[in-house]
Every structure is written in C-alpha cells, then in structure tokens.
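Quick one: this structure, given as structure tokens, is what I'll be asking you about.
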Amino acid sequence: MKVVPPSFFKHDAVLVAQKLLGSVIRYKSCSGMIVETEAYRADPASHAYRITPRSAIMRDTSGHWYVYFVYGMHHCMNITTNSIGEPGAVLIRALEPLEGVELMKKRRGTDDARSLCSGPGKLCEALGVDRRLNGTAVGERMHVERFRRMGARSIAATPRIGINEGKEHLWRFFVKGSAFVSKTKQEERSYKK
DNA sequence: TATTGGATCGCC
DNA sequence: GCGATCCAATAG
C-alpha cells in the first residue's frame with residue numbers, strides 16, 4: 001500500500017476528513033480501514049477554539065498524531081491538518097479491522113468484530129494507542145496508507161457527535177453502509193434484536 | 001491550589 | 001439513564 005505523504009494533510013480538516021475515508025491506519029501488528037471521521041477547525045466545538053498547551057499541536061503541526069485522554073479512561077486519536085499556524089485536526093472515529101484482529105479482540109474483551117473499533121475510544125483501545133503517541137509524525141510510529149478509493153457518493157455527512165455547539169456543520173463523515181461505524185444507542189438496540 | 005466538566009463507553 | 005475515573009482548563 002502507498003504511504004500517504006505529509007502534503008496530504010496540509011489542507012483544510014473538512015476536506016482531509018473526507019479524503020481519509022478508505023485509508024488504512026497501521027500500528028505495530030494491527031491495521032484497519034478508516035470508515036468514520038470528524039473535522040475540527042478553531043470552531044467553538046474544537047479544542048483549538050482557544051489554544052492551550054494541549055491543543056497547540058493543532059495549530060503548530062500538520063500530519064502529526066494528536067492523542068488525548070478523556071473521561072478518565074478513554075483516548076482519542078486525531079491527525080493534525082492545515083498549514084502551520086492554522087488550527088485543524090481530523091478525529092478518527094471508526095475503523096474496519098483488517099490485521100491483528102485476534103489481538104484487538106483480546107484488548108477489547110469482545111469477539112464481536114463490529115464492536116472492536118466502532119468509536120474513537122474503542123479503536124484506541126483496540127490498537128493499544130495512548131498519549132505516548134501524541135506529537136509523533138504520521139509515518140513515524142503509526143502509519144497511514146492509501147487503500148480504497150471512496151467516491152463522494154459513498155460518503156455520508158452528519159453533525160459531529162458529543163458536542164454542544166457547531167451542530168449546523170455537517171463535519172462527521174462516514175462510509176455509507178459500513179457495518180463498522182460508531183452506533184447510536186438506537187442503532188445499537190436494533191442491531192441486538 | 002481547588003473546582004469543574006469532558007470530541008466516551010458499557011451496563012442498569 | 002447513569003457511573004466510572006483522570007486530567008486539562010479555568011478561576012481564585
């Protein structure tokens with residue numbers, strides 16, 4: 001698979017978030033195809049709305065991993081975007097597991113392939129990612145490679161999840177029909193039936 | 001230094 | 001619907 005070059009990320013987060021769908025994230029022995037993303041600029045829902053020591057990476061880098069810890073128990077991984085000085089990042093929200101599935105099942109404590117990486121906290125746990133990856137360049141320790149080509153017709157857009165402001169922006173993107181995207185409570189219930 | 005709430009998840 | 005559980009951000 002072809003490695004994604006740094007220039008790929010030097011564009012607006014809303015564009016990069018869509019173009020990342022169908023690419024593969026590889027970390028150690030595990031990999032998965034990106035099926036769901038969200039874009040963050042310096043808007044009110046973004047960590048970069050106010051630049052802090054934590055969020056400065058969104059302004060000061062492009063093509064680097066921004067990994068943070070939330071709710072006392074979960075990690076979220078982003079890739080910083082835009083040109084230097086212009087804040088932006090893409091949150092990776094779901095992967096279709098490809099390689100290392102057995103290890104992912106072990107880490108996640110489930111055999112259900114659809115539950116392994118269907119959420120930002122889940123996929124970090126499945127891949128064994130924590131804040132030690134924060135600030136590393138894409139391709140340094142965790143990699144992104146071209147895999148599938150996703151046309152505009154196969155991409156859906158909705159408001160971002162878990163935010164209170166900026167709901168007018170349809171900056172969450174996912175692969176239509178994928179069984180591996182994160183699920184709402186309602187979707188979760190109907191799937192179990 | 002103290003307080004508050006979070007780009008989540010899984011169980012009740 | 002709610003609790004878990006740590007830490008970054010902000011206020012004092």
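Bear in mind that the values here come from a model prediction, so they are computed numbers and not experimental data. In what follows, every chain begins at residue 1, and chains take the letters A, B, ... in the order their sequences are listed.
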### Query
Do the side-chain N or O atoms of A:Lys122 get closer than 4.0 angstrom to the phosphate oxygens (OP1, OP2) of B:dG10?
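Yes, such a contact exists.
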Distance-only donor-acceptor hits, side chain of residues 64-74 of chain A, under 3.5 Å, sequence neighbours excluded:
residue: A:His64; atom: ND1; partner: A:Ser62; partner atom: O; Å: 3.1
residue: A:Trp65; atom: NE1; partner: A:Met142; partner atom: O; Å: 3.1
residue: A:Tyr66; atom: OH; partner: A:His47; partner atom: ND1; Å: 2.6

### Message
If the test is side chain to side chain contact (heavy atoms under 4.5 Å, CB included), which one of A:Leu20, A:Ile34, A:Leu21 qualifies with A:Phe173?
### Response
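Among A:Leu20, A:Ile34, A:Leu21, the one that satisfies the side chain to side chain contact (heavy atoms under 4.5 Å, CB included) with A:Phe173 is A:Leu21.
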#### Entry: Worked verdict on A:Ile163 versus A:Tyr40 for side chain to side chain contact (heavy atoms under 4.5 Å, CB included)
CA-CA 11 Å; A:Ile163 56 160; A:Tyr40 288 87; 3.8 Å; yes
### Base of C:dA8 paired with side chain of A:Tyr68 (donor-acceptor, under 3.5 Å)
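Not at all, since no donor on one side and acceptor on the other fall under 3.5 Å apart.
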### Query
Rounded to whole angstrom units, what separation is found between the NE2 atom of A:His47 and the P atom of C:dT10?
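Roughly 11 Å, once rounded to whole Å.
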### Step-by-step salt bridge (Lys or Arg N to Asp or Glu O under 4.0 Å) determination, A:Arg160 to A:Glu38
CA-CA 6 Å; A:Arg160 293 167 292 179; A:Glu38 279 177 3; 5.6 Å; no
Atom pairs under 3.5 Å, N or O on each side, protein against nucleotides 3-5 of chain C: can you list them with distances?
residue: C:dT5; atom: O2; partner: A:Tyr71; partner atom: O; Å: 2.6

### Message
Under a 3.5 Å distance rule, please check whether A:Arg41 uses its side chain to pair with a backbone N or O of A:Pro87 as donor and acceptor.
### Response
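Pair absent, no side-chain N/O of A:Arg41 close to backbone of A:Pro87.
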### Nearest-angstrom distance from the residue atom NE2 of A:His169 to C1' of B:dA7
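After rounding, the gap between these two atoms is 15 Å.
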#### Entry: Between P of B:dA7 and CD1 of A:Ile57, the distance in whole Å
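Interatomic distance, CD1 of A:Ile57 to P of B:dA7: 17 Å.
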### Task
Check every atom of B:dA7, C:dT10, C:dC6 against the side chain of A:Asn78 and return the nucleotide holding the closest atom.
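For the A:Asn78 side chain, the nearest candidate turns out to be B:dA7.
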### Task
Could you check whether A:Arg54 gets within reach of a base, just the sugar-phosphate, or nothing at all, counting any heavy atom under 4.0 Å?
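The answer is sugar-phosphate, as A:Arg54 gets under 4.0 Å only of primed atoms, P, OP1 or OP2.
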### Query
Does atom NZ of A:Lys105 have more than 12 heavy-atom neighbours, drawn from other residues, nucleotides or ligands, at distances under 6.0 Å?
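Enclosed: over 12 neighbouring heavy atoms sit under 6.0 Å from NZ of A:Lys105.
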### Query
Once you round to the nearest 0.5 Å, how far does NZ of A:Lys122 lie from CZ of A:Arg93?
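Here the rounded value is 10.0 Å.
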### Task
Report the nucleotide, chosen from C:dA9, B:dA7, B:dG10, that has the shortest atom-to-atom distance to any side-chain atom of A:Arg108.
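Looking only at side-chain atoms, A:Arg108 lies closest to B:dG10.
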#### Entry: Residue list, side chain to side chain donor-acceptor pair (under 3.5 Å) with A:Ser154, at least two apart or on another chain
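Counting only residues at least two positions away or on another chain, A:Ser154 forms no side chain to side chain donor-acceptor pair (under 3.5 Å).
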### Query
Among residues 28-42 of chain A, which residues get a heavy atom nearer than 4.0 Å to DNA chain B?
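Going residue by residue through residues 28-42 of chain A, the ones with a heavy atom under 4.0 Å of DNA chain B turn out to be A:Tyr40.
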### Query
A:Arg160 CZ to B:dT8 P: how many Å, rounded?
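Answer to the nearest Å: 12 Å.
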### Task
Would you mind reading off the distance between A:His75 atom NE2 and C:dC6 atom C1', rounded to a whole angstrom?
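It works out to 10 Å between those atoms.
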### Candidates B:dA7, C:dT10, C:dC7 - which lies nearest the side chain of A:Phe69
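Closest nucleotide among those given: C:dC7.
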### Message
Side chains of A:Ser115 and A:Ser118: any donor to acceptor distance under 3.5 Å?
### Response
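Their side chains do not contain a donor-acceptor pair, so the 3.5 Å distance test is not met.
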### Query
Looking at side-chain heavy atoms only, is the closest gap between A:His75 and A:Glu125 below 4.5 Å?
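The answer is no; the side chains never approach within 4.5 Å.
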### Query
If you look at every strand shown and take non-hydrogen atoms under 4.0 Å, does A:Met77 touch a base, only sugar-phosphate, or nothing?
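Since no nucleic acid heavy atom lies under 4.0 Å of A:Met77, the category is nothing.
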### Query
Roughly how many Å is it from NZ in A:Lys167 to P in B:dA7, rounded to a whole number?
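Those two atoms, NZ and P, are 13 Å apart.
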For residues 95-103 of chain A, please give each side-chain donor-acceptor pair under 3.5 Å, one per line with the distance, not counting sequence neighbours.
residue: A:Glu99; atom: OE1; partner: A:Arg26; partner atom: NH1; Å: 3.0
residue: A:Glu99; atom: OE1; partner: A:Arg26; partner atom: NH2; Å: 3.4
residue: A:Glu99; atom: OE1; partner: A:Ser31; partner atom: OG; Å: 2.7

### Query
Given C:dT10, C:dA9, B:dT8, which nucleotide is nearest the side-chain atoms of A:Pro53?
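The closest nucleotide is C:dA9.
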### Which nucleotides of DNA chain C pair, in dot-bracket form (Watson-Crick or G-U under 3.5 Å, | meaning another strand)
||||.||||||.
### Task
In whole angstrom, give the distance that lies between atom CG of A:Asn164 and atom C1' of B:dT8.
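In whole Å, B:dT8 C1' and A:Asn164 CG are 14 Å from each other.
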### Query
Would you say the side chains of A:Thr158 and A:Arg172 form a donor-acceptor pair under 3.5 Å?
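Judged by distance alone, the side chains do pair up.
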### Message
I need the CG-P distance between A:Leu91 and B:dT8, as an integer number of Å.
### Response
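To the nearest whole Å, that distance equals 7 Å.
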### Query
Distance check: side-chain N/O of A:Arg131 vs OP1/OP2 of C:dA8, anything under 4.0 Å?
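Answer is yes, contact under 4.0 Å.
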